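Read the numbers this way: they start at 1 and go in the same order the structure lists the ligands and their atoms. Bear in mind the structure is a predicted one, so any value in this text is a computation, not a measurement.
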Amino acid sequence: MSAHTTALVTGANKGIGYEIALGLGALGWSVGVGARDEGRRRLAVERLRAAGVDAFGVPLDVTDDASVTAAARLVEEHTGRLDVLVNNAAITGGMPQEPTRVDPATVRTVVETNVIGVIRVTNAMLPLLRRSASPRIVNMSSSVGSLTRQSGAADEAATGPVAVAYAPSKTFLNAVTLQYAREFRGTNILINAGCPGFVATDLNGFRGVRTPEQGAAIAIRLATLPDDGPTGGFFADAGEVPW
Ligand code: NAP
């Protein structure tokens, strides 16, 4: 891709998203820092620029139609096209989340952000992505969304706690990723899901064992796939994750 390659990372003000922005910026790309909180967004853009990244702020709440439409307009005005979209923003909805005790509103909120938000942002950015020679879409998922793992031997390290909103939201996201890949067949758009591993971030009270930089690596790899790279897959650093 050219030096003018442009990426948008949602939820890029902290955690893994920030490191994805930093990693893509280190390739010489222009990186849109999608984030809803103005203060944290401005701080992230400042830090990225201080690190030499061509970063620009993109006000973005993935649950809000008007915000997402405005974000697409901003990216279009900034660069005229988009090469890579990393759908990274997500929430857990808070734990514990046992199915028998959950507030249904929690499930709705998590799905609205982690699944519908991805569809909303992807579809808003698609006209810009279609102008790219090598469009890539990366959906940050999690191995806790793997039905194979959830239905196997109980191993909380691989499956996370019993959680009826967060884990199934990633299963849903994986299924959505596959449907996009099917629709994109015959086009140059590659779309994949990635799992960063268990990373120390706000999302899990910093209990994760990997660094955000390590967690960002899979997204960077999927964002920089060659034209004959895979699509409709689910990958972690170690290789394919079972669905
Ligand atoms: P994080 O530190 O909590 O960051 C999440 C980001 O998403 C924040 O920037 C947050 O912005 C943003 N966000 C949440 N809701 C949003 C909305 N409605 N609109 C726009 N932005 C929103 O989490 P993380 O650990 O870096 O997670 C990044 C991705 O990796 C997520 O998709 C997560 O599910 C996935 N993942 C993480 C782990 C892990 O161990 N950490 C494991 C597997 C998968 P605010 O600052 O405004 O809240």
Subset of ligand 1 atoms that lie under 4.0 Å from at least one heavy atom of [X]:
| X | result |
| --- | --- |
| Phe198 | 40 (O) |
| Arg40 | 45 (P), 46 (O), 47 (O), 48 (O) |
| Thr63 | 18 (N) |
| Met140 | 32 (O) |
| Gly15 | 2 (O), 26 (O) |
| Gly11 | 6 (C), 7 (O), 9 (O), 12 (C) |

Option nearest [atom] (shortest heavy-atom distance, choices [options]):
| atom | options | result |
| --- | --- | --- |
| atom 46 (O) of ligand 1 | Val121, Asp37, Asn13, Asp202 | Asn13 |
| atom 36 (N) of ligand 1 | Pro196, Gly17, Cys195 | Pro196 |
| atom 35 (C) of ligand 1 | Pro59, Ser142, Gly205, Ser141 | Ser141 |

Answer yes or no: does atom [atom1] of [X] have more than 12 heavy-atom neighbours from other residues, nucleotides or ligands under 6.0 Å?
| X | atom1 | result |
| --- | --- | --- |
| Arg47 | CZ | no |
| Arg108 | CZ | no |
| Arg49 | CZ | yes |
| Phe172 | CZ | no |

Exercise. Will you find, in the side chains of Asp61 and Ser67, an N or O donor that is under 3.5 Å from an N or O acceptor?
Worked result: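 Their side chains do not contain a donor-acceptor pair, so the 3.5 Å distance test is not met.
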Please state which part of [X] comes within less than 4.0 Å of ligand 1, counting heavy atoms only: side chain, backbone, both or neither.
| X | result |
| --- | --- |
| Leu203 | both |
| Val199 | both |
| Asn114 | neither |
| Asn204 | side chain |
| Ala35 | neither |

Seminar exercise, completed: dist Asp83:CG -> Ser132:OG (nearest 0.5 Å) comes out at 3.5 Å
